[in-house]
Amino acid sequence: MDIPSKYEPGLAESKWYKYWMDNGFFKSMPDDREPYTIVIPPPNVTGVLHMGHMLNNTIQDVLVRRARMQGKNACWVPGTDHASIATEAKVVAKLKAEGIEKKDLTREEFLDHAWEWTNKHGGIILEQLKRLGASCDWDRTLFTMDEKRSESVIKVFVDLFNKGLIYRGIRMVNWDPEAMTAVSDEEVNYTDEKSKLYYVRYKIVGEDGYIMVATTRPETILGDTAVCANPDDERYKHLKGKKVIVPMANREVPFIFDSYVDPEFGTGCLKITPAHDINDYEIGMRHNLPSIDVFNEDGTISSSAGMFEGIDRFKAKELAEKELQRTGNLVKVEKYDNKIGRSERTNAVIEPRLSVQWFLKMKELSKPALDAVLDNEVHLHPSKFKNLYRHWMEDVHDWCISRQLYWGHQIPAWYYNNNEFVVAENISEALELAKKKSGNDALTQNDLRPDEDVLDTWFSSWLWPITSFDGINDPGNADIKYYYPTNVLITAPEILFFWVARMIIAGYEYRGQKPFNDVYLTGLVRDQMRRKMSKSLGNSPDPIELIEKYGADGVRVGMLLCSPAGNDLLFEDSLPEQGRNFANKIWNAFRLVKSWEADDKIKQPESSAIAVEWMNEVLKKSITDIDLTFSKFRISEALMIIYRLFWDEFSGWYLEIIKPEYQKPIDRVTYEATLSVFDKLMKLIHPFMPFITEEIWQLLIERKKGESLMMSRLPEAKNFNKNLIAGFVSIKETISAIRTVRKEKDLPNKQKLDLLILSDKDHIDAHFMPVISKLCNLTSIKFISEKQDGAASFMVGTTEYFIPLEGKLDVEAELLKIREELEYHKGFLVTVMKKLDNERFVSNAPANVLDLEKKKKSDAESKIRSLEERMKELTSL
RNA sequence: GGGUUGUUAGCUCAGUUGGUUUAGAGCAUUACCUUGACAGGGUAGGGGUCACUGGUUCGAUUCCAGUACAACCCA
């Protein structure tokens, strides 16, 4: 067989993905096996794959493939999210490029455009995931706005409303006066900008004096309904019960006290404008203040301001400054650095604005979800997020679930008469309710006006683990009973609250059970400068190009190598490169093994027998270690164990020991054992690198049609021989020391050497001697009872070794080496003696610690003794 | 402003129930080797007073407190 010296990933990837799909290996149906379920964090339907997805989905695929190979019924449900804000923004931008303004379209017309866009771009991202090797059950692909998911969302809204948990309330929103729409917090960019702080005086009613207020917004003075100070502030205590006159407006407003006010800031006196600042609004609520909205939707001054009507807010600010100056109420102006929020879309300065929104009461609803995490019903990985979670859940706010958008699940509320409303699953039920509620049987559907808003995207995502198996519409169906709760959720920490916490809440509310056992929080993918990867910065590589360059397996390994849970991943090309190199290493090891011809007549060399025995123990130990790391979700670490197992132990040691001479055949026993080890290694690596392992596994021995590595069972291990493994570790040291001697003495590898061991046979583990002999190209290994002249020497543990050099010994160099070693051991002895000379240590330390220190001391002393003797001998030469 | 977490080798990270031969890995780096699996390889090195300052202790990189810096979340 002719195998190329470089692994070509492209062909293998498309070949085996098709093979897996054609054989239906990704499919899952309920049966009597243990289920292993993951629901995908649905990517935006019109999005394209970015590095975050790569990381996230690689981890999911590793877990799902591993579970499948453990004999579990693995089910990974894929799907996409309608992502109302992001998608609507994209559609608006696309229409704008075509010269169409959103405001010129009806809701229905806009939605037609949005669906067209969704159908055109939707699913691209899922196709990209296939390139990565994702073993999702594609027949189960979902969309958060498909029929069943939408139906579920509406049902849940109605249910929560009927339980009294959803209400309408006033809230401050980020208003973009240019786009004339509310924008989400995520769409507001804050920048430090220079502005001014105005000191304005307010006349005290019934007194001669004034009080002074500092403000950055003089134009909103027209909307003031109180002036406020901290109740502990001595300077203002005398003003209790007094009134002051708002400048320009000449309105009498009360002087009030609230602990919100910071006495240190400005004059310690705050003007209260409930309509235009969230804190003022809250103070207003506490003190029953009226609220005067001085702005129109487009940012001009409204009629209720009583002045400057129709003038733009920035112009009004200048006019207000002049007017205050003219009336002598402006005392001074200071420079001030302020954080200004601007709309991501229009760059217009955001205006806080009061509006009516829908809310979900969270306090009681979230209780079981808080307990679930605190009681370790749901495990967060890494656990440091537990504190954060608790902190947030204990201080949970009501959830504003309405959005002023078209793209999304429209809120199932209908208005009639004078802003009365009903909530129902559809308009005919709404009509019946409205008739009942109003007592007016003459109402028709035409009298009902549907709510214009849609629901927050998270209001559908929070049901995802349930709706993935249609558990809202059909709570008793076979799928939901079998697959729920799911096993693990893989997601980014920044949506711990937006999404994860709310899924747990919904899980308990609608299934009476947690939605998943474990949550693995990945890090953010950043570039080398620690910047978040983003399209606008242009610092994000195209994942598909990476796959083409390094292979899917290489990219998967690259993503995982440097991404411990919860830590950011600083991405650079060297990572997938390392992954690709690993794939090539595996490939070449395979080439080597396949190049051998097995011969029944050859007897197995002793060294090979030992190597096989040792390799199998190392394999068992690694399997144990891998199981342990997986149980702690330390996936990077598991990969590193496998990486070193294959590269160092298998390729570096095992294959080097059993390797027959060039173009000579290998004995059958070792060959078969090696194929078996290779088979196990492919199984262990498969979850991480599915393609190359399948390719090699199929070529390793003849396979039947329809067989696949991905459906085979992972090797298991219970016990391993610790002594054998430890013995080999010390043998590695000996070999390494001999190699160093060769290097220092410039002895070519081909030249045979003798090894002398200053010890008796019973004292030393001779088991691995044939291995040393083979790897170091020795003619003999002998045990001696006296030190050897004219030989290079070294120590491993407390045993001294000699290699006769036939006059090649460089005494000076040897002495230098010994002096260095002596220095080290003497230094070490000092640290040990420091402890042993300390009486309090000797009397207080536990016996085992004391014994250990004593052993350290005697070992060091014996080493120093033999080094000194050796030095004496050398100098006497 | 409030909170959470972190600071260990050039980089990314492990580790420590406080003592395990004067701290480990991968990558990077240095020297040498290499026509017989792999130059995307091999061998051998170098590199860290475990952020700082105190405290507890026979003993602190590990526990506690404070300081500095950084990241994230909330306002």
Side-chain angles (χ1 to χ4, degrees), chain A residues 3 5-7 185 262 264-265 278-279 382 384-392 394-395 397 493-498 523-524 526 528 530 550 554 558 561-564 566-572 574-575 577-596 629 634 636-637 639-641 643-644 647-648 651-652 655-656 659-664 735-737 739-744 746 748-749 797-798 824-832 834-846 848-853 855-860 863:
Chain A
I3 310 170
S5 75
K6 277 180 189 168
Y7 170 62
D185 292 345
D262 175 9
E264 303 295 317
F265 183 83
I278 181 66
N279 298 307
K384 66 178 177 186
F385 287 107
K386 213 169 133 178
N387 255 345
L388 206 65
Y389 180 88
R390 180 178 54 85
H391 189 258
W392 189 78
E394 282 174 349
D395 187 35
H397 294 92
E494 68 255 35
I495 53 176
L496 185 59
F497 310 122
F498 287 133
L524 273 169
R526 297 175 178 275
Q528 283 301 293
R530 283 210 171 266
Y550 300 106
L561 272 174
C562 270
S563 58
N567 275 333
D568 288 354
L569 185 150
L570 272 60
F571 188 85
E572 53 173 340
S574 69
L575 292 173
E577 201 179 310
Q578 196 186 343
R580 180 198 60 188
N581 292 354
F582 185 42
N584 206 50
K585 185 73 186 176
I586 297 171
W587 185 249
N588 277 294
F590 167 67
R591 273 178 69 216
L592 175 68
V593 171
K594 282 310 267 187
S595 74
W596 293 336
T629 49
R634 304 171 70 143
S636 296
E637 219 171 294
L639 174 59
M640 192 42 74
I641 291 170
Y643 182 89
R644 283 158 64 189
W647 203 305
D648 298 338
S651 301
L655 289 181
E656 289 303 325
K659 197 191 255 183
E661 275 180 67
Y662 183 53
Q663 289 192 331
K664 294 245 175 87
I735 292 167
S736 187
R739 283 172 175 163
T740 309
V741 170
R742 258 190 203 282
K743 194 182 169 195
E744 283 171 355
D746 214 13
N749 288 331
T798 50
Y824 172 87
H825 288 297
K826 281 183 172 165
F828 179 70
L829 188 62
V830 169
T831 65
V832 176
K834 245 187 239 165
K835 286 186 190 173
L836 287 173
D837 286 345
N838 184 338
E839 261 176 55
R840 289 195 292 181
F841 170 75
V842 178
S843 53
N844 285 314
N848 59 330
V849 173
L850 198 61
D851 288 347
L852 191 74
E853 292 302 317
K855 180 163 182 337
K856 281 189 200 173
K857 180 188 169 218
S858 65
D859 283 359
K863 276 187 188 178

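Order of the sequence lines fixes the chain letters, A, B, ..., with proteins taken first and strands second; residue numbering starts at 1 for each chain.
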- If you count the non-hydrogen atoms of other residues, nucleotides and ligands that lie under 6.0 Å from NZ in K386(A), is the total more than 12? yes
- Item | K664(A): partners by side-chain contact (heavy atoms from CB on, under 4.5 Å), with sequence neighbours left out | E661(A)
- Residues that E577(A) engages under salt bridge (charged side-chain N to carboxylate O under 4.0 Å, His left out), provided they are two or more places apart: none
Taking only nitrogen or oxygen atoms into account, show me every contact under 3.5 Å that the protein makes with nucleotides 1-6 of chain B, one pair per line with its distance.
unit_1: G3(B); atom_1: O2'; unit_2: H391(A); atom_2: ND1; d: 3.3
unit_1: G3(B); atom_1: O2'; unit_2: H391(A); atom_2: NE2; d: 3.2
unit_1: U5(B); atom_1: OP1; unit_2: N387(A); atom_2: ND2; d: 2.7

- Message: Going by salt bridge (charged side-chain N to carboxylate O under 4.0 Å, His left out), name the residues that satisfy it together with E572(A), two or more places apart in sequence or in a different chain.
- Response: none
- Message: Holding to ring-ring contact (aromatic ring centres under 6.0 Å, His included), I want the full list of residues that pass it with W596(A), two or more places apart in sequence or in another chain.
- Response: none
- Message: Are there runs of at least three consecutive Watson-Crick or G-U pairs touching RNA chain B, with each pair's two distances under 3.5 angstrom? Give them by first number.
- Response: B:1-7 with B:68-74, B:10-13 with B:24-27, B:29-33 with B:41-45, B:51-55 with B:63-67
Are any protein N/O atoms closer than 3.5 Å to N/O atoms in nucleotides 57-60 of chain B? If there are, list each pair with its distance.
unit_1: C58(B); atom_1: O2'; unit_2: N838(A); atom_2: ND2; d: 2.7

- Task: Name all residues meeting the salt bridge (charged side-chain N to carboxylate O under 4.0 Å, His left out) criterion together with K585(A); count only those two or more places apart in sequence or in a different chain, and write none if there are none.
- Result: none
- Output all residues satisfying salt bridge (charged side-chain N to carboxylate O under 4.0 Å, His left out) with R634(A), sequence neighbours left out; order by chain, then residue number. E637(A)
- Those residues that, when tested against F571(A), pass ring-ring contact (aromatic ring centres under 6.0 Å, His included) (two or more places apart): none
Set out, line by line, the N/O atom pairs under 3.5 Å between protein and nucleotides 33-38 of chain B.
unit_1: A37(B); atom_1: OP1; unit_2: K659(A); atom_2: NZ; d: 3.3
unit_1: A37(B); atom_1: O2'; unit_2: N588(A); atom_2: OD1; d: 2.9
unit_1: A37(B); atom_1: O2'; unit_2: R591(A); atom_2: NH1; d: 2.7
unit_1: A37(B); atom_1: N6; unit_2: S651(A); atom_2: O; d: 3.4
unit_1: A37(B); atom_1: N6; unit_2: E656(A); atom_2: OE2; d: 3.2
unit_1: A37(B); atom_1: N3; unit_2: N588(A); atom_2: O; d: 2.9
unit_1: A37(B); atom_1: N3; unit_2: A589(A); atom_2: N; d: 3.3
unit_1: C38(B); atom_1: O4'; unit_2: N588(A); atom_2: OD1; d: 3.2
unit_1: C38(B); atom_1: O4'; unit_2: N588(A); atom_2: ND2; d: 3.4
unit_1: C38(B); atom_1: O2; unit_2: K585(A); atom_2: NZ; d: 2.8
unit_1: C38(B); atom_1: N3; unit_2: K585(A); atom_2: NZ; d: 2.9

- Would you call D859(A) and K863(A) a salt bridge, using N to O less than 4.0 angstrom? no
- Message: Work out how far the C1' atom of U7(B) is from that of G48(B), and round it to whole angstrom.
- Response: 14 Å
- Query: ring-ring contact (aromatic ring centres under 6.0 Å, His included) with Y643(A): which residues, sequence neighbours excluded?
  - Reply: F582(A), W647(A)
